[in-house]
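Everything below concerns the one structure shown next.
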Amino acid sequence: MLCIAVNFAPDFFDERMIDVNKDKFYEVYEIKTIKDMLRKTTERHSENTAFLRKLKKGDPYTPVKYREFKEDVWALGTAFMSLGLSGKRIAVIGENRYEWVCSYMAAVNGDTIVVPIDPELAAPDIINLLKIAGVSAVVHSPKVAAKLADVKSEIPEMEYIITMDAHNTEAEYTVAKLTEEGRKKMLAGDTSFDDVEIDPEEAKIILFTSGITALSKGVLLCHRNICANLMAMCKMINVYPTDVFLSVLPPHHTYEGVCGNMAPIYRGACVAFNDGLKYIPNNLVESKATIMLGVPAIFELLYKRIWAAARQKNMESKMKLGLKLSNGLRKVGIDVRRKVFKTVHDTFGGNLRLFISGAAAIDPVVSKGFRDLGILFLQGYGITECSPIVTLNRDINYRDDSAGLPLSCLEVKIVDANEEGIGEIVCKGDNVMLGYYKNEEETKKVLKDGWFYTGDLGYIDDDGFVYISGRKKNIIIDKNGKNVYPEELETFICKSEYVSECMVYAHEDEKGDMEIHAQVYPNYSEIELKLGKEATDEQIQELVESVIDEVNKRNPTWKYIRKVIVRKEEFTKTTTKKIKRYAKENMEN
């Protein structure tokens, strides 16, 4: 998912913004390959800061200019070719860092195929994916080193293990050493990497979908897929070369890889690398970030913390009064949000103007809440197989409860709709994948007559906005044939300040009848404020059940949650903070 917006036009509606110029597209320039994009961006913005990186933890940010970035990519790509990796696969495994981006760009823009892999996977799962993809070289961060300790014995045909750690003097191959060697070869006249002509239609990326590793599918993407998505996104939004993106999400995921890294590169903007989720406020200040991509779990936590801090400082009533006054002034075209809520903005560095939410639906209360405080907040919808964006809310045309409008590079429609108009979302366009790697059977299930069947359910309103109801495989069907979308109930439950996260699912009782159950991981800090430090398990259970009771009251009886289990520990989640709904440790005991 992605949503990017820039302008601070006054929004006169509580849950939507419509501008008279809503059909106007922003100007873009054509790119056919990612290599073409980097060349053109460097020509236009050679001296702009492309990245802000830290050479070691605790250091201040060090800038890397676009001309330096392109030189590093070309040098590393030249080194890859000198190692004999032409025509082979290179895996890139690590967290957000400059070396990750350089390695990815050097692989995808040469005559190799890049295979980004989730660094949080267990060692056996990483090894398994390396085998499936037929990888010949692995570029990894220090954090992944231990997981690759047995890779040579497990995969004898593995040729190179390359570390991103420039300080590792014992490693035979490091990104820094290879980049320097490649630079020397280029100075001596080696143009092999520069001479590689990219076929926009050729599969150059293998991205494994999240989920149970044994069932992961390798999504095949080409340069045309990525470039179509980038151009279409930037037609609908407006990102300036002066923007600074704080990169907090895992780069192997297409949401961050394309939207958080390549979109800024396309526009000549800057990417600052985050030290870790708990350092987000500090890094926003240090980098002077203007835009941050994230997932609902991150934004909902930040939003709750703003109000928790206000309560602790006895400022809650003043903030609510400030909201009432500023919202009233906005209705007559006067915007004082950044002045009234200066303390909030200072917490985020004072430059932030946009939060971008993706990977799952955000509570509209949160998105509107941030906007009322003066931070523009939008969301979109995407899927890895679509490189990844399908729909996008715009800065001049948005709905807080919608996933946005279809990108201009594809068509979107609903098939097999029920009486409520809800059906499967399918799409067709230049950003749709080539297929699944060595899996024709699964490819045929989702690609039919050029249309990609997303597996997501939703509907489209009269204005063309797409609304997501949930995943097709997650639907709960009651004994009377009624459909229950667990994601909808989870949204209502998580509105409570006493709930940190939850999961709704179907449970078969002893008689074989289906019941709706919920597991809840409470917000224990808020519960402590409510019940005190000595609250018993029974009191916490009672409080959580009262939250569920309120949710049940707003729904018909066939949507009632019949049992709630209070968890002591957080759910197991993916690296994009989505609950692994079918993970064994998340299911009912």
Closer than 3.5 angstrom, by distance alone: can the side chain of [X] be matched with the main-chain N or O of [Y] as a donor-acceptor pair?
X	Y	result
Asn555	Val551	yes
Asn393	Ser402	yes
Asp243	Thr290	no
Tyr266	Tyr29	yes

Test: [X] and [Y] ion pair at under 4.0 Å:
X	Y	answer
Asp401	Arg399	no
Glu488	Lys559	yes
Glu411	Lys413	no
Glu440	Lys444	yes
Lys445	Glu442	yes
Asp372	Arg337	no
Lys204	Asp199	no
Asp456	Arg471	yes
Lys428	Asp449	no
Lys573	Glu501	yes

Result of checking Tyr485, Phe465, Tyr467 against Tyr459 for ring-ring contact (aromatic ring centres under 6.0 Å, His included): Tyr467
Quiz item: cation-pi between Arg267 and Tyr240, 6.0 Å / 45°: no
Cationic tip of Lys217 above Tyr436 ring, under 6.0 Å, 45° of axis: yes
Pair Phe355 + Phe348: ring centers closer than 6.0 Å: yes
Within the 6.0 Å centroid threshold, strictly below: Phe377 and Phe299: yes
Value rounded to 0.5 Å, distance of SG in Cys386 from CG in Asp430: 11.5 Å
Atom pair CG (Asn48) and SG (Cys270), whose distance is rounded to the nearest 0.5 Å: 9.0 Å
